[in-house]
Amino acid sequence: MADRVLELQGVTMAFGGLTVVDALDLHVERGEIVSVIGPNGAGKTTLFNLVTGVYRPSAGDIRFEGSSIVGLEPHAITQRGIARTFQTLRLFLNMTVRENVMAAAYGHTQAGVIRSMLRTPGMRREERAIRALAEERLGFFGERLVGYRWDQPAYSLSYANRRRLEIARATATNPRLLLLDEPAAGMNPNETLEMAELIGKLRDVGGYTILVIEHDMHVVEGISDRVVALDHGVKIAEGTFEQVATDPKVVEAYLGTGAMARKAL
Amino acid sequence: MDVFLQLTLNGLTLGSVYALIALGYSLVYGILKLLNFAHGDVFTVGAFVGFGALQLLGGVAHPAVPIWLLLVLITLAAMAVCAVLGVAIERFAYRPLRDAPRIAPLISALGVSFFLAYSLQLLFGADQRDYDAFNLGSGVLFMTGFTIPGTEVRVPLLRIVVILCAFALMVVLWLLVTRTKTGKAMTATSIDREAAAMMGINVDRVIVFAFVLGSALAGAAGVLFGLRAPFYPSLGFLVGLKGFTAAVIGGIGSIPGAMAGGLILGFAEAYTQGYVSTRWSDLIVFVILVTFMLFRPQGLFGKADIKKV
Amino acid sequence: MSDERDDTQPTGPALGKDEWVARFGANRVRRSGALGVLEQRLATVSWWAWLTLFVAVIAALPLGIESGYVRRVAFDTVVLMLLALGLNIVVGWGGLLDLGFVAFYGVGAYAYALLASDHSGIHLPSILLIPLVAVIGALAGWLVGLPSRRLLGDYLAIVTLFFFQIFLTVTNNGDNVFGASITNGPNGLLNIDPLSFFGWTIPRSTSEGLFNVAYIYVALAFFGVVYVALRFVNESRTGRAWRSLREDPLAAEMMGMPVNRLKLLAFAFGAGVAALTGTFASALNGSVFPQNFEFPLLITVYTIVILGGQGSQVGVVLGAVIVSVLLEVLRDANDARSLFYVALVLGLYGAFRASTRLVVVLGGTIVLGFVLRTVAGAIDGSWTAGTAEDAGRAAHLAAEWVIVPLEPARWLAPAAYLVLVTLVLGLTLVGGRLRLAALVPTLYLAAFVWENVLLAKPEATRYIVIGVILVGLMIVRPNGLLGEKRVEIV
Ligand SMILES: Nc1ncnc2c1ncn2[C@@H]1O[C@H](COP(=O)(O)OP(=O)(O)O)[C@@H](O)[C@H]1O
Ligand SMILES: [Mg+2]
């Protein structure tokens, strides 16, 4: 058996009477880029929320690197090595770009309040390391998030840059698995292309395993090792992009939602 | 047994007043998710308005109208003034902050509470007042009444009036919320404000309606309280605190919850005062509150909420 | 879905306009000329230089002035500064609504009193006791925060407010706990030890019976230490985490920050600072009473934090100075009168600048005053025969312009006050000409109410002003004087 980073077994999530994710099996191997597609409301974001511990599944098991993470608090799951971005951007808008990334290093750093008050040498060393880490993570985006913007508040960033900053922030938690929720949403074609390249680079250079939700079929086609299609919380197809894109169930699911159908086919 | 009955009666009287106040918290919380800290002071304003109206109608010594009418009139006056006050508070202190961070209207509410309490002190002085209901109609509210058969416990007319009045108001509220169009809109809004707005419900109007109802009930509670006990400008702090503790225990946002919570609190306080000590009843109530926070934070009738991402 | 997000951020750039960011620095308005140069120079002075200067100024203040009153006010101001710093941790950084904050100050004061007084017979040395009390306070905070496990705003507010009430209940009724007197009830604890370090006692008053300046220095020293320590914490990983969770708790949690634990930490930390402040306040006063820790103090500290700007340490310190001075000024009718008219004129100037509208409104109000007063005096002499509160020269002047009845009818004060409140609120609803026209009588009525109603009861007036400032700030300038700009994410 290959090195399984993430494995979901029969995961079900119901809100009241509404089953949003239904007996879902899913797995991600180390070094893979897996795309999750599906019409709006299919339960994709909910899937991320389940993996990251925002919701606790009504049934089923979620295993990360072999051990179950069901019931852990979200910050504990992150500290184990799963980080995510948000479909609806959730940056710390009033903090600087650099601080946004530095904040995410919290889980793998130590200095407590007392040591911070006293500014002990150890604490200062750690601060310098966090700073260096943040700058390195931001440096991953090359031109886009260059030096002079690091001290600007995050709200001064453009929309596309906010999406990039979200990714930089997520990587600062030192994850092994990255969950990207519609990273190219709201971007123009150029930026979308760039984002697709970036996701590849995150895997190849950064070494992250990636589970990504994406609507843009060009992006999905370009980056995915494997594609999983969801509809109404049920996995309706899985395989290479070609296999999934031509699967009649997938086509049908998308035909139900006009605009997406044109985009998908 | 007599003592127990007497205490139960005390608890029922006190609890029905708390329940009236708790309803105001719950109505507003249900819709705005806002703890209206100024609500306790609206209650105090009600007590003072009732007092003022009583003086205008000739005072206790020479009432210009029959006693039953007098009571009705001062209660209505307090309810009307408080309703207007509630609407004003919502319009000027909360509405501008509806899209602000959640902590903002709470702090604004603190400011309003403070402003009201000290305005009362400015206008009426810091001293205790009381309605002197004992001398109303040469003591009819206290002298008449009945004795519970088989016991020595007397139930004076005043208590009957307070309890009946409180429950009548709750029934009216219940009917307003469940039977009228605006009431139903209110329920819808409390479940999902955005969805309600999209269904064509005028959310602003619903919010005003909630403030009118809640504040009017607080005004009535003020008068019912004033008939039995002395009051002073800063009273709203403590009574308000009890009121929303009741609302929390019952499940904040829930109308039957507020009633139940109010009664539970009333009984808890009465029994503690009777069997333990009058000094420590607040402590017992606090312990109950903390217990609920720990084991059932959503209260008796509340539903656990799931956050949306 | 995503397209609509572009315009939710009014100050931000439109989609894709990266150049806007490049110009971000240049967008700021700079003054020209000498002032501009000065401003730039000042901006480069480091924070600790400012802090030293500030502490030095406050330290120098009471030296020349042999007034016990001024020294007392200086001390109380430093206490308020410390309390504001403490509350700022909880509200400004943690984003938590702690309504029991003042109770922790009380816990500190009582703990000091119980561990260093004749009442208990224990006399711990200050050097040990002060840190001990700070820890006790922090522990108390931790315990109080614990039940509202998720520390959701509303539950925390309720539990802390109730805790505040319990603190008052316990201190007021603690004179008889199964027969034993612990807190001595409303009569308070007396004969508390003054501060003593290494066997050297700092007396509360000098040999001439004057307030001992040393206590101001002790308080200032604590202030300096706390300020610097908090600044360091704010710049550490914990500080960043606090600010993150204030911005967006869910995102913070997802980025590996244990939000609940961090909130509890902020909460306990604030409580610790409050308790610490309680120690030397207790030592200076030599006594503690439950009445020292009531609701008005809580609102005052909140007003300070909001006025200064939640999250800004410099801001809340300045806020403490402003509010402290304001409260003192309002105590005295003459000062309060001057303040009122100055604030009125400045406020009008701020709203209209030097324009004809300013002249119209000011002139109109002045003329209206004289006319009304003459008419009223002609109808009934007693209406203008009263003397303004605290007869001084300013009072005489005021009484020449404002109607001050000799024996106002009992309904007059409430009626005038209520009409004024209604008018002011109404003014915020109308605009244009109507507002301008209504402003004149409103201003005059405000002066009338100030002279006849408010000045007569400074105690209530002080707190009414505080309440109005609090609500007004929340609505008009929620970030306070120096607060960081806040963008709410929904
Ligand atoms: N907290 C919640 N409570 C109730 N329903 C929810 C909740 N979160 C998501 N849903 C519902 O689950 C369905 C799937 O949502 P989501 O996972 O966001 O879809 P998407 O695939 O577009 O990301 C939607 O119908 C949504 O309304
Ligand atoms: Mg989604």
Side-chain angles (χ1 to χ4, degrees), chain B residues 29 33-35 37 52 88 91-93 96-97 99-126 233-234 237-238 240-242 244-245 247-248 252 277-283 285-286 289-294 297 307 309, chain C residues 91 95-97 99 146-150 152-155 157-159 161-163 165-166 168-170 172-173 176 250 295-296 298-299 302-303 306 310 413-414 417-418 421-422 425 428-429 453-454 457 459-464 466-476 478 486 488 490:
Chain B
Y29 191 90
K33 303 288 173 274
L34 165 72
L35 266 180
F37 286 117
R91 179 66 190 74
F92 293 103
L97 294 172
D99 298 319
R102 259 173 80 70
I103 198 170
L106 290 174
I107 294 178
S108 178
L110 281 181
V112 173
S113 152
F114 206 57
F115 174 79
L116 288 179
Y118 279 93
S119 292
L120 284 175
Q121 182 175 331
L122 178 81
L123 302 179
F124 298 96
S234 57
F237 174 76
L238 190 56
L241 187 61
K242 300 276 176 60
F244 68 57
T245 303
V248 168
I252 193 149
S277 146
T278 45
R279 299 174 147 208
W280 302 108
S281 60
D282 289 348
L283 201 60
V285 174
F286 184 60
L289 174 70
V290 168
T291 315
F292 264 90
M293 294 271 142
L294 282 174
K307 50 189 182 291
V309 186
Chain C
V91 176
L96 303 167
L97 193 62
L99 297 183
L146 214 49
S148 33
R149 257 176 297 178
R150 286 158 68 200
L152 286 178
D154 308 331
Y155 287 153
I158 294 166
V159 171
L161 190 58
F162 216 130
F163 170 70
Q165 177 58 31
I166 291 307
L168 293 177
T169 308
V170 169
N172 271 312
N173 296 317
N176 183 4
L250 188 90
F295 197 52
L298 180 76
I299 302 292
Y302 262 92
T303 307
I306 303 298
Q310 314 161 51
Y417 183 74
L418 292 181
V421 172
T422 315
L425 293 180
T428 64
L429 294 184
V453 186
L454 290 163
K457 290 193 180 162
E459 200 47 38
T461 301
R462 292 166 84 202
Y463 291 124
I464 288 175
I466 291 286
V468 168
I469 291 180
L470 192 53
V471 179
L473 271 176
M474 276 334 287
I475 289 164
V476 179
R486 294 280 169 197
E488 177 76 349
V490 202

Checklist line | Interchain contact, B:Leu238 with chain C, by part (heavy-atom threshold 4.5 Å) | finding: side chain
Note to self: Heavy-atom cut-off 4.5 Å, strictly under: side chain, backbone, both or neither for C:Leu429 against chain B?
What the structure shows: side chain
Next item on the list: Output yes when a side-chain donor or acceptor of C:Thr461 lies under 3.5 Å from a complementary backbone atom of C:Lys457, and no otherwise.
Entry: yes
Item checked: chain B contact via C:Leu99 - which portion, at a heavy-atom distance below 4.5 Å -> side chain
Note to self: With a 3.5 Å distance limit and no angle check, can you tell me whether B:Ser108 reaches the backbone of B:Ala104 through a side-chain donor-acceptor pair?
What the structure shows: no
Margin query: So for C:Val421, is it side chain, backbone, both, or neither that comes closer than 4.5 Å to the heavy atoms of chain B?
Written below: side chain
Check: Relative to chain B, which segment of C:Ile166 carries a heavy atom at a distance below 4.5 Å: side chain, backbone, both, or neither?
Finding: side chain
Next item on the list: Fit a plane to each ring of C:Tyr463 and B:Phe114, take the angle between them on a 0 to 90° scale, and name the class: parallel (under 30°), tilted (30 to 60°) or perpendicular (over 60°).
Entry: perpendicular
Check: Where on B:Phe237 is there a heavy atom nearer than 4.5 Å to chain C: the side chain, the backbone, both, or neither?
Finding: side chain
Checklist line | Per-residue contact mode, C:Ile464 against chain B (heavy atom under 4.5 angstrom) | finding: both
Check: Given that the side chain runs from C-beta out, which part of B:Phe292 has a heavy atom under 4.5 Å from chain C: side chain, backbone, both or neither?
Finding: neither
Next item on the list: Heavy-atom distances under 4.5 Å only: say whether C:Ile469 touches chain B with side chain, backbone, both or neither.
Entry: neither
Check: Which atoms of C:Pro478 come close to chain B, meaning under 4.5 Å heavy atom to heavy atom: side chain ones, backbone ones, both, or neither?
Finding: neither
Check: What residue, out of B:Thr245, B:Ile252, B:Leu241, has the most heavy-atom pairs lying under 4.5 Å from chain C?
Finding: B:Leu241
Notebook entry, point to check: Side chain, backbone, both or neither: which part of B:Val112 has a heavy atom under 4.5 Å from chain C?
Noted result: both
Next item on the list: Can you label the angle between the B:Phe37 ring and the B:Phe244 ring as parallel, tilted or perpendicular, going by 30° and 60°?
Entry: perpendicular
